[in-house]
Amino acid sequence: MKVLGHLTAMPELPEALKGLRKLAYNLWWSWNPEAAELFQEINPQLWKRFRGNPVKLLLEVDPPRLEVLTATSYPARVQAVVAALDSYLKDRERKEGPLVAYFSAEYGFHSSLPIYSGGLGVLAGDHIKAASDLGLNLVGVGIFYHEGYFHQRLSPEGVQVEVYETLHPEELPLLPVQDQEGHPVRVGLEFPGRTVWLGAYRVQVGAVPVYLLTANLPENTPEDRAITARLYAPGLETRIQQEMVLGIGGVRLLRALGLNPQVFHMNEGHSAFLGLERIRELVAEGHPFPVALELAKAGALFTTHTPVPAGHDTFPLDLVGRYLHGFWERMGTDWEGFVALGLEEKPWGKVFSMSNLALRTSAQAGGVSRLHGEVSREMFHHLWPGLLREEVPIGHITNGVHTWTFLHPRLRRHYAEVFGPDWLRRPEDPATWKVEGLGEEFWRIHRDLRADLVREVRLRLYEQRRRNGESPSRLRQAERVLDPEALTVGFARRFATYKRAVLLFKDPERLLKLLQGPYPVQFVFAGKAHPKDEPGKAYLQELVAKIKEYGLEDRMVVLEDYDMYLARVLVHGSDVWLNTPRRPMEASGTSGMKAALNGVLNLSVLDGWWAEAYNGKNGFAIGDDRVYENEEAQDMADAQALYDVLEGEVLPLFYAKGPEGYSSGWLSMVHESLRTVGPRFSAARMVGEYLRLYRQGQVWAESARGHERVLQAFHRAFPAFYTLGLRAEAPGDLTLNGEPVQVRAYVEGEIPEALRPFLEVQLVVRRSGGGLELIPMTQGEGGRYAVSYRPSRPGSYAYGVRLALKHPITHRVEWVRWA
Ligand SMILES: *Cc1c(COP(=O)(O)O)cnc(C)c1O
């Protein structure tokens, strides 16, 4: 047949069940177990087959089944849950903070909407959910990838095969977005020699709408329709196209919807082109380029997510020149001024870096853990030459996870009984986690969840082997793997090499000795490697090969197709969550937080979030914060540390079971883990901290709007700053016995009037071992400055003198000239 179009007939729900549709189209259902249970109950087999997708379930379910349900107590429960959703939404009609547009290339909301690849997407999903819970005035912007991210199949040898499945928007909780006149929204994007049209779907996440762009429209050529087909499609050209869709198309979409966010938050650099589009808009309003840049920057916020250099997108300059041809003129600048915004000098030449662009077009920036903040300041120090490392304007907000998404419903109910109702309202408040009350009942639930995990592993492994055509004996063996009573270690995340999934096999002899010891222990692995990450794929194969080679298939299992569903199964049912990144490559990591919520103990390298969460009593550390001369030395030391901790601490503590059937020492550690991780590493705490930055962005954005003349004068005068000279008269090295040191300085050159209010001559003192003091020097006659300084405590100090220029809006030192 020649297909002219597709029709989707939505089910006519019986009157009493009409509320189901409302629930199906708000992802709120996914973190409210009563709602999820309503869908599951309709048809548990379909529910599982559709990966928990209620829209598809309602399309496929037999109408008679719904009729049967109407004759039970079911409709009353539907109404109660709908009432709960309505009241949730009503409580959030009054919004907190400025209107924020949150941009992310991927979102992990639920396994039924596979437009995420891993931690970054799940974090974005959690950010949106927590923003909804906290009633923030926020909208999300992303892309609807109609082939999503791949499903992973593993051959018996552990070879990864990527399978793409076409997603149908009408089978997902997506609604086509209309413009203010009620027509399907369309925005145009100039590509070389043509215009690409974009439309959008809206997905409702509690009280927060998320707009997902698509180029898959009849107006576009087949090639252009494919631009938004796959998340992280390989190839630089597709990459720049997708990032233009997200950044430039995203801003245009918001405008078409009549939205004027005061704050723009870039979750990773993929969306950084949005800064260019905003500058273009401001120039069109009549501002000169430097002022437009300042206005765009004031309300912009950038979160960077990786210390791995290859994780930062860069494009060849000619590609950028080809795709953004003419854009610089519309931004009121030239090619040089344009390229300077993203320029990065690599050993092999100049490239356009999306992270640099994001940093240069955002007044606020940060990493995702304390350690990652430090590493990022070091990594991007070259963008602020002259500033000291600790002054580089990149802070951090440590990641957190959405409590209600990752906590198992049975534990949620149990915690609610034990901790009380305040906890349900304020999971980010440490005072609400009354963990001492968790005992035998908690442990009973935990054992059940471990048994569920073992059951799920067996089912999946059976399926995996059956599909691979393995022998009947291998299938029977799959039904017997793992022991529901043995200590279970979970390891699941992307198979990037720095995460070192095979570290456990570094010293096979020690591993075997451990496994043959008195305490039963078993491991479950899962994770996808990026399609282009050959070393990551080789790790997967190596892991599978090693398990076979040492005959460990009964107690070490590698599962395929890791996603949010499997993530939940694993963090619910493991006893120990293993993480072995090569420090300091893990920016934050979040799966360990999910595990901790469910009473699972972390066993991890002191990297990312764990470096700041670990307190000696709330889980286990692998190694310390030493810096190694090379990777091999680091791997060997970490592997030995891992065996030591497993053998000497983890296993003996877990198996020190008392008459209650569990180890009280273990349970104390679980208490400590819940108490310290539960509130602090929640997305609610994280988004609460971002709200402060959003408010700051709003203040700066308004201030910039009110000081356009000042900004313009400042930028006119700015080049003169680099013509100024500074001479210091200082005593050099000196030993002080209580008396102060006298330092003088002299500014050479004409200081332009416009710069005067922002200039400061500073004595900078850095104490060895930490601590920076900036002391303004007092101006005397004719460009002379002086200061007298006495250290407040003994120690050794380095000092210097500089001319510092503060930003007219943020009042931060951004440019300096050292004497
Ligand atoms: C939480 C999560 C991740 C991130 O795990 P890390 O340990 O932080 O790497 C990746 N994928 C899925 C499906 C997740 O749920």
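Atoms within a ligand are numbered from 1 in the order they appear, just like the ligands themselves. We're numbering straight along the sequence, starting at 1.
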If we number the atoms of ligand 1 from 1 as shown, the ones under 4.0 Å from a heavy atom of A567 are 15 (O)
How close does the nearest protein non-hydrogen atom get to atom 7 (O) of ligand 1, and which residue and atom is it? S591 OG, 2.4 Å
Yes or no on side-chain contact (heavy atoms from CB on, under 4.5 Å) for V368 and I397, after CA distance, side-chain angles and deciding distance? CA-CA 5 Å; V368 289; I397 290 181; over 6 Å; no
Could you pull out the closest heavy-atom pair between E456 and Y565, with the gap in Å? OE2-CE2, 3.6 Å
Using a 4.0 Å cut-off to any heavy atom of D563, which atoms of ligand 1 qualify? 13 (C)
Considering only non-hydrogen protein atoms, determine which one is nearest to atom 15 (O) of ligand 1 and report residue, atom name and distance to 0.1 Å. K594 NZ, 2.6 Å
May I ask you to identify, for L566, whether its side chain, its backbone, both or neither come under 4.0 Å of ligand 1 on a heavy-atom basis? neither
For atom 10 (C) of ligand 1, closest protein heavy-atom neighbour: G119 N, 3.4 Å
Angle class for the H146/F144 ring planes (parallel below 30°, perpendicular above 60°, tilted otherwise)? tilted
Sole candidate of I622, L504, L603, V502 that passes side-chain contact (heavy atoms from CB on, under 4.5 Å) when paired with T580: I622
Which one of R460, R467, R465 satisfies the salt bridge (charged side-chain N to carboxylate O under 4.0 Å, His left out) criterion with E560? R467
Can K499 be said to touch ligand 1, with heavy atoms closer than 4.0 Å? yes
Should the ring pair H402 and W31 be called parallel, tilted or perpendicular, given that the plane angle runs from 0 to 90° and is split at 30 and 60? perpendicular
In terms of relative ring orientation, are H270 and Y232 parallel, tilted or perpendicular, with 30° and 60° separating the classes? tilted
Does R494 reach ligand 1, in the sense of a heavy atom lying below 4.0 Å from it? no
Pick one of side chain, backbone, both or neither for how T590 approaches ligand 1, counting any non-hydrogen atom pair under 4.0 Å. both
Just need the protein heavy atom nearest to atom 12 (C) of ligand 1, so name the residue and atom and give the distance. Y562 CE2, 3.6 Å
Does Q152 use its side chain to pair, donor to acceptor, with the backbone of G527 at less than 3.5 Å? yes
Can you list the ligand 1 atoms lying under 4.0 Å from a non-hydrogen atom of G589? 8 (O)
